[in-house]
Amino acid sequence: LLFELFDKLVAPIVLYNSEVWGTSFIPLSNSTDILDTKLLSRHMVENLHLMFIKIILGVSSRTTNWAVTSESGRYPLAIRSYEAMVKFWQHLRDSRSIILTSALATNAQLHSAGHKTWYSHLERMMRYFSLEYIKCIADRRELMGQIGKTKVVVQEHFNSKWTDDLHGMHIGGRLELFSTLVEEFGVSDYIGIIKNSKHRIAMTRMRVSAHKLPIETGRYYKISRSSRECPFGCKTLGDEVHYMTSCNHPFIKEIIDPVM
């Protein structure tokens with residue numbers, strides 16, 4: 001529900017007129033990935049989005065961005081902006097206003113002359129997502145139908161990149177546990193199933209390593225992974241799996257046994 005409120009009340013405001021300024025989501029360097037999540041997270045609009053997600057999930061601001069977007073199934077707001085840019089291009093191209101059509105033509109000419117313009121970013125974005133064919137469609141009905149699929153096409157590219165990131169995670173990394181719990185991008189089922197907010201937040205923190213177990217806190221103090229042992233004398237790595245399955249300390253068993 002809270003994500004729906006964000007989409008209906010906040011997103012329209014922060015993305016207002018993004019068909020024009022949405023070019024700021026696109027990196028200046030042609031060698032940089034348009035869907036680079038680390039780069040996108042630095043954009044003030046996406047940063048606001050991520051902050052909202054973390055508040056809703058009940059995790060700290062230091063929690064990995066990749067994990068919280070994966071857990072919530074939230075696509076970057078840039079994707080909506082990319083869709084808006086394509087629709088705006090169609091609006092300018094088919095406008096009855098000579099001023100608008102001339103503005104688009106001039107923008108395209110400046111791009112061809114080697115200048116960085118709005119059209120330059122549009123070209124790069126459409127090329128990246130293999131959407132260049134749209135500009136060749138003459139039939140208006142077919143054109144509108146293909147433009148309507150832009151969002152789905154961009155999301156599919158994002159899903160593919162997300163899968164590559166998932167498979168590229170190394171053993172022993174911060175999200176080692178999380179990478180074994182997810183298979184595809186989308187909101188995690190438990191978020192809608194667990195009604196008790198405290199229990200849901202606790203589950204999220206455990207899954208995305210936003211907790212205070214030795215495996216995580218040892219990272220802050222630069223303790224080697226192998227030395228982040230359970231403080232209760234278990235002589236083993238103090239990670240999530242240990243506390244949920246094998247720690248024999250009475251305090252831990254009192255917490256875990258009722259729910260396992």
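The figures here come from the full heavy-atom set of this structure, side chains too, leaving out hydrogens, waters and symmetry mates. In this chain, residues are counted from 1 in sequence order.
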Inset, instruction - Please report the C-alpha distance between L177 and M244 in whole Å, then the side-chain angles of each, then the deciding distance to 0.1 Å, and finally whether the side chain to side chain contact (heavy atoms under 4.5 Å, CB included) criterion is met. - result: CA-CA 12 Å; L177 172 66; M244 294 177 68; 5.8 Å; no

Mind checking ring-ring contact (aromatic ring centres under 6.0 Å, His included) for [X] and listing every partner two or more places apart, or none if nothing turns up?
{"X": "Y243", "value": "none"}
{"X": "H111", "value": "Y119"}
{"X": "W66", "value": "W162"}
{"X": "H199", "value": "none"}

Legend entry - Salt bridge present between E216 and R205 (N-O < 4.0 angstrom): no

Inset, instruction - Start with the C-alpha distance between R93 and L143, add both sets of side-chain angles, then the distance that settles side chain to side chain contact (heavy atoms under 4.5 Å, CB included), and finish with yes or no. - result: CA-CA 12 Å; R93 194 197 71 167; L143 174 64; 3.1 Å; yes

Legend entry - side chain to side chain contact (heavy atoms under 4.5 Å, CB included) partners for H249, two or more places apart: F232, C247, F251, I252

Inset, instruction - Only counting residues at least two apart or in another chain, list the ones meeting side chain to side chain contact (heavy atoms under 4.5 Å, CB included) with S61. - result: none

Inset, instruction - Taking atom OH of Y220 as the centre, report whether more than 12 heavy atoms of other residues, nucleotides or ligands fall under 6.0 Å from it. - result: yes

Inset, instruction - Count the heavy atoms belonging to other residues, nucleotides or ligands that lie under 6.0 Å from CG of N17, then report whether that count exceeds 12. - result: yes

Do [X] and [Y] have side chains that get closer than 4.5 Å, going by heavy atoms?
{"X": "L48", "Y": "M44", "result": "no"}
{"X": "F178", "Y": "S70", "result": "yes"}
{"X": "L39", "Y": "P27", "result": "yes"}
{"X": "V86", "Y": "M125", "result": "yes"}
{"X": "L77", "Y": "F6", "result": "yes"}
{"X": "T163", "Y": "E184", "result": "no"}

With distance as the sole criterion, is a donor-acceptor pair present between the side chains of [X] and [Y] under 3.5 Å?
{"X": "E240", "Y": "H211", "answer": "yes"}
{"X": "E83", "Y": "T150", "answer": "no"}
{"X": "K38", "Y": "N65", "answer": "no"}

Common cluster, [X]/[Y], ILVMFWY with side-chain heavy-atom separation under 4.5 Å:
{"X": "V20", "Y": "I34", "result": "yes"}
{"X": "L57", "Y": "L2", "result": "yes"}
{"X": "L175", "Y": "L181", "result": "no"}
{"X": "I26", "Y": "Y75", "result": "yes"}
{"X": "V208", "Y": "I55", "result": "yes"}

With distance as the sole test, does [X] use its side chain to make a donor-acceptor pair with the main-chain N or O of [Y] at under 3.5 Å?
{"X": "S120", "Y": "H115", "answer": "yes"}
{"X": "S102", "Y": "I99", "answer": "no"}
{"X": "S18", "Y": "S81", "answer": "no"}
{"X": "H49", "Y": "V45", "answer": "no"}

Rounded distance (nearest 0.5 Å) linking atom [atom1] of [X] with atom [atom2] of [Y]:
{"X": "M206", "Y": "I201", "atom1": "CE", "atom2": "CD1", "value": "14.0 Å"}
{"X": "R219", "Y": "R225", "atom1": "CZ", "atom2": "CZ", "value": "8.0 Å"}
{"X": "F88", "Y": "L122", "atom1": "CZ", "atom2": "CG", "value": "10.5 Å"}
{"X": "F52", "Y": "N47", "atom1": "CZ", "atom2": "CG", "value": "14.5 Å"}
{"X": "L50", "Y": "T63", "atom1": "CG", "atom2": "OG1", "value": "11.0 Å"}
{"X": "S209", "Y": "I215", "atom1": "OG", "atom2": "CD1", "value": "8.0 Å"}

Using the test salt bridge (charged side-chain N to carboxylate O under 4.0 Å, His left out), find all partners of [X] that sit at least two apart in sequence or belong to another chain.
{"X": "R96", "value": "none"}
{"X": "E229", "value": "none"}
{"X": "K116", "value": "none"}
{"X": "R80", "value": "D7"}

For [X] against [Y], the heavy-atom pair lying closest together:
{"X": "L110", "Y": "T117", "value": "CB-CG2, 3.7 Å"}
{"X": "S95", "Y": "L100", "value": "OG-CD1, 3.3 Å"}
{"X": "R207", "Y": "S188", "value": "NH2-OG, 3.3 Å"}
{"X": "H43", "Y": "S24", "value": "NE2-OG, 2.8 Å"}
{"X": "G238", "Y": "L213", "value": "O-CB, 3.9 Å"}
{"X": "R228", "Y": "G218", "value": "NE-C, 3.7 Å"}

Legend entry - Inter- and intrachain pairs under salt bridge (Lys or Arg N to Asp or Glu O under 4.0 Å), touching residues 138-156, at least two apart: D94-R140

In a table with atom names and distances, give each donor-acceptor pair under 3.5 Å that connects a side chain of residues 127-134 to protein atoms at least two apart or in another chain.
{"unit_1": "Y128", "atom_1": "OH", "unit_2": "D33", "atom_2": "OD1", "d": "2.4"}
{"unit_1": "Y128", "atom_1": "OH", "unit_2": "D33", "atom_2": "OD2", "d": "3.4"}
{"unit_1": "Y133", "atom_1": "OH", "unit_2": "Q146", "atom_2": "OE1", "d": "2.7"}

Inset, instruction - Decide side chain to side chain contact (heavy atoms under 4.5 Å, CB included) for I53 and F3; before the verdict, give the C-alpha distance in whole Å, the side-chain angles of both, and the deciding distance to 0.1 Å. - result: CA-CA 8 Å; I53 295 173; F3 286 135; 4.2 Å; yes

Inset, instruction - Run the numbers on M126 and M85 for side chain to side chain contact (heavy atoms under 4.5 Å, CB included), then give the verdict. - result: CA-CA 10 Å; M126 294 183 77; M85 288 174 64; over 6 Å; no

